[in-house]
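Contents: one structure, followed by commentary.
All of these numbers come straight from a predicted model, not from anything done at the bench. Quick note on labels: first sequence line is chain A, next is B, and so on, each numbered from 1.
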Amino acid sequence: MTEDLATIVARHRHDPRRLVEILHDVTEAYGFVPKDIITELASMLAVPRGHVEGVVGFYAFFSDEPRGAYRVLFSDGTTDRMGGSIALLERMRASFGLQGEETSRDGRLSVGTTSCTGLCDQGPALLVNGHAIGGLDSARLGDVMALIRAEAPLAAWPRELFAVRSNIRRRDLLLATAITPGDAVSAAARRGRDDTLAEVARSGLRGRGGAGFSTGAKWGACAEAPHEPRYVVCNADEGEPGTFKDRDLLADHLDLVLEGMTVAAFAVAARHGFLYVRAEYRFLFAHIANALAARRAAGLLGPNACGIRGFSFDIELRRGAGAYVCGEESALLESLEGRRGIPRNRPPFPVTHGYDQRPTVVNNVETFMAAALVARDGASVLRDLGTRTSSGTKILSVAGDVERPGVYELPFGVTVQRVLDEAGASRVQAVQVSGPAGTLLSARELDRTIAFDDVPSAGAFTVFDDRRDLLAIIEHHSRFFAHESCGFCTPCRVGTTLVARTMGRIASGHAARRDLVDVARVARVMAKTSHCGLGLMAGNPVLQGIEKFRPVFDARLRPDDALPTFDLDASLDKSRDVTGRDDSEAHFTEEVRP
Amino acid sequence: MTTDRRTFTLDGHDIPFDEGQSVLDAALAAGLFIPFLCHKPGYEAHGSCRVCMVRVGGRWQASCTTPAAAGLEVESTVEDLVAMRREIVQFLFTEGNHFCPSCEASGNCTLQAVGYELGVTTPHYPPFSPTRPLDASHPEMLLDLNRCILCELCVRASANVDKKSVFALSGRGPTKHLVVSAESGRLADTSFSADDAAAHVCPVGVFLPRGQGFRTPLGARKFDVEPLRVAALRRAGGT
């Protein structure tokens with residue numbers, strides 16, 4: 001029975017900040033967000049209709065067009081493709097007589113793609129009405145198609161199909177240390193607010209989301225900011241293709257995550273927390289809700305949390321809705337407030353003007369875990385591991401051409417080769433660290449280390465052996481950014497599409513040298529002038545690809561074409577001059593010259 | 001140079017500023033031009049078009065969203081920066097359907113004027129040639145989205161000045177587009193009026209008054225009689 005809109009809106013207290021949650025519930029009830037429901041919803045929430053339509057149109061998981069009763073979305077991650085997802089998708093479409101994104105005439109089925117769903121170690125994967133099915137092969141896809149043909153209700157599908165297993169292969173500090181819930185918060189309380197902040201700063205803990213900002217400095221700035229109430233937000237929106245470590249951290253180590261959030265709340269005097277989890281991890285939601293309920297029942301959340309008089313703190317689970325950009329902290333806050341996930345202008349920063357324009361700490365899942373251990377055991381627990389500038393450990397999602405894909409925790413400073421050895425890799429052509437936005441390493445760079453001042457990583461570590469078509473991978477990564485660009489700023493909105501199209505021509509052998517110059521120039525425009533990290537990094541696959549794998553590009557370019565009229569390296573003279581740089585990174589080396 | 005007010009430097013010139021002023025507004029008030037599209041003096045800085053990019057102490061930033069601060073060293077009229085701005089304007093010409101010779105807004109169009117200012121002669125890149133609808137439902141005004149550059153000035157004017165919120169944005173990335181806040185999607189089904197601020201804020205030619213095409217002949221239009229930089233500086237009270 002379709003749930004009444006009024007009931008849904010009432011459950012969310014008519015709060016327009018909960019619009020993303022409301023739209024999830026509407027989608028659950030109606031299969032999509034009908035146009036008349038948008039009108040009615042806007043009226044109930046007292047917001048302009050265009051606002052609701054804009055939010056529906058922003059998130060990949062919402063649509064105002066009817067879709068199939070079964071909505072199948074194949075995960076279009078790098079490793080899904082490596083595992084043959086495109087052939088599986090085409091087989092399914094052919095089997096049901098579907099062309100492209102269309103819905104079958106009987107309204108039963110639509111088949112499309114979605115960005116990487118985080119089952120890279122157990123792919124290819126798909127979502128059916130939001131529920132993940134991994135480990136796809138011909139037989140398993142056959143089972144899925146048979147169930148759809150039989151019009152079996154999703155609830156009657158074998159549970160085994162939806163099983164997602166945690167895949168932790170190596171444990172170090174964070175994953176091997178047992179903690180009694182409440183212990184870290186109690187230790188923080190004994191130490192006091194100021195000393196807890198000082199201890200976190202002393203530990204050298206830096207944000208595990210990739211940017212590496214000092215957690216102690218962030219918490220300190222938030223604690224000092226006026227205008228209460230303060231908020232603590234856990235960013236569990238990992239969306240970079242190739243990453244899945246937060247999936248296992250939330251599944252197996254959730255108590256340590258919640259403990260860390262509570263420590264942060266105590267340290268900055270926050271009363272409310274949000275755990276923002278990507279909608280692709282739907283299979284975790286019940287588990288998370290249960291864990292929160294258990295902590296409330298145990299007195300670890302709520303009034304006088306963890307037995308600390310006057311410390312009231314609770315955590316709310318919030319769902320993303322298919323938008324990679326919401327991993328950017330200010331876009332995440334916009335999403336939490338029920339808006340399109342457009343990164344904010346800064347300053348002001350979230351530590352002073354975050355959720356609801358109040359001081360807010362936003363940290364990665366893994367950062368909160370490390371913070372909890374620091375609160376319990378002191379700064380040395382991190383300081384004794386890793387490197388001088390990167391203390392502690394890093395949890396990596398290793399996938400691609402390896403024998404043992406999975407989650408690996410290793411001390412910072414570990415070489416890329418060591419990670420490859422742990423996971424079992426041979427004939428390595430390239431390693432993509434931290435997803436397409438991160439660093440593409442060639443086989444000559446495997447002695448480099450995972451560390452903030454060498455190769456930083458938000459988590460992804462994807463291996464390509466020498467049988468892979470690197471240009472197709474770079475094209476795919478470029479298309480990912482075009483799909484995920486929020487569209488706010490010109491360079492990213494237009495540049496990502498220009499790069500994706502040009503890379504498509506290059507990868508398919510329909511490009512000349514001039515196209516290579518153009519694509520590099522567009523990538524540099526994005527890298528210099530974009531509004532947020534997504535756009536600033538969106539040119540990385542192309543720029544690093546050209547820098548490190550130039551012969552691969554050259555071999556695919558048409559030889560009979562005109563030479564470029566634009567000398568890239570010479571055009572950088574002024575930049576090098578004003579930035580005082582003349583290192584190799586500041587050059588398109590002579591390799592680029594015709 | 002007086003030292004009553006605090007200053008920053010722009011290409012070596014001392015620029016005085018008021019607390020809370022952006023680098024862009026302070027520069028314009030001091031008579032130094034930085035091109036821009038999505039900004040409108042008096043409106044909250046937006047930072048989306050990225051045409052007003054400068055370098056502040058070596059960091060690339062949009063001058064409209066960078067608060068002026070004493071001692072900043074800002075670069076603006078240097079070749080690589082101007083080249084970047086030119087690229088961004090080329091991107092906009094590539095993205096939309098812009099046919100200046102036959103456009104009713106030619107001569108009044110800030111995108112065209114910024115293009116001239118920066119020496120843009122072609123879009124350079126293969127045009128996207130999107131299919132965008134024309135909304136001819138309203139008795140007073142045509143809405144031609146072919147020219148929309150997604151600066152959101154009409155969205156902001158309608159929400160903040162007119163208090164009507166007639167316009168909004170939907171989609172994202174390459175599918176981002178302007179929407180009219182009505183279930184039909186038609187302008188006629190909103191409270192929009194040709195007197196709205198939103199009707200007069202568009203820097204290109206999306207809003208076209210009906211029944212008066214080419215009333216001012218080409219050659220006698222806004223930027224034909226007063227170049228963009230002169231107009232912008234005069235409005236900012238700099239010269």
Side-chain angles (χ1 to χ4, degrees), chain A residues 35-36 38-39 42 47-60 64 323 325 340-342 345-347 481-498 500-502 518 521-522 524-525 527-531 535-536 571-575 577-580, chain B residues 37-38 44-51 53 55 58 60-62 64-67 75 78-81 83-85 87-92 94-95 124-126 128 149-152 155 158-159 164-185 190:
Chain A
K35 290 183 169 54
D36 57 327
I38 292 180
T39 306
V47 296
R49 188 190 186 281
H51 171 74
V52 179
E53 181 180 352
V55 172
V56 171
F58 184 85
Y59 295 95
D64 62 0
V325 71
R340 294 160 57 81
I342 310 293
N345 282 315
R346 280 158 297 177
F481 287 118
H483 183 255
E484 297 295 344
S485 166
C486 82
F488 174 75
C489 75
T490 311
C492 177
R493 186 180 69 242
V494 181
T496 51
T497 295
L498 278 174
R501 290 182 180 179
T502 312
D518 269 2
R521 190 188 320 107
V522 173
R524 289 187 54 78
V525 173
K528 293 294 185 195
T529 66
S530 294
H531 169 63
L536 293 170
S571 76
L572 296 180
D573 283 347
K574 238 192 180 120
S575 296
D577 192 39
V578 292
T579 53
Chain B
L37 278 170
C38 72
E44 195 181 339
H46 200 240
S48 64
C49 77
R50 314 307 278 180
V51 171
M53 291 301 291
R55 230 172 359 237
W60 294 74
Q61 286 172 236
C64 67
T65 54
T66 303
E75 298 168 83
V78 292
E79 201 180 299
D80 65 323
L81 265 167
M84 277 302 177
R85 292 176 187 152
E87 287 288 331
I88 290 168
V89 173
Q90 285 177 342
F91 283 12
L92 288 170
T94 300
E95 181 187 34
H124 182 83
Y125 300 101
F128 291 2
I149 57 169
L150 301 164
C151 68
E152 304 180 36
V155 177
S158 187
K164 290 183 176 179
S165 295
V166 167
F167 302 102
L169 293 154
S170 189
R172 76 178 186 213
T175 72
K176 181 183 168 189
H177 60 281
L178 189 71
V179 294
V180 169
S181 195
E183 194 171 314
S184 65
T190 69

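The most heavy-atom pairs under 4.5 Å with chain B, out of Cys492(A), Ala42(A), Ala482(A), Gly341(A), come from Ala482(A). Comparing Leu169(B), Thr65(B), Thr175(B), Asp80(B) by heavy-atom pairs within less than 4.5 Å of chain A, the highest count is held by Leu169(B). Of the listed residues (Thr502(A), Ile38(A), Val522(A)), the greatest number of heavy-atom pairs within a distance under 4.5 Å of chain B belongs to Val522(A). The candidate from Glu95(B), Lys164(B), Gln90(B) with the greatest count of non-hydrogen atom pairs under 4.5 Å with chain A is Glu95(B). Between chain A and the options Ser181(B), Gly47(B), Cys38(B), Gly171(B), the largest number of non-hydrogen pairs under 4.5 Å is found for Gly171(B).
Contact annotation for Ala159(B): neither backbone nor side-chain heavy atoms come within less than 4.5 Å of a heavy atom of chain A. At a 4.5 Å heavy-atom cutoff, the contact between Val180(B) and chain A is made by backbone atoms alone. His51(A) touches chain B through its backbone: at least one of N, CA, C or O sits under 4.5 Å from a heavy atom, while the side chain does not. With a threshold of 4.5 angstrom between heavy atoms, His46(B) approaches chain A through its backbone and through its side chain. If you measure heavy-atom distances from Glu152(B) to chain A, the contacts under 4.5 Å come from the side chain alone. Proximity to chain B (any heavy atom under 4.5 Å) is shown, for Phe481(A), by neither the backbone nor the side chain.
Under a cutoff of 6.0 Å and an axis angle of 45°, Arg50(B) and Phe488(A) do not form a cation-pi pair.
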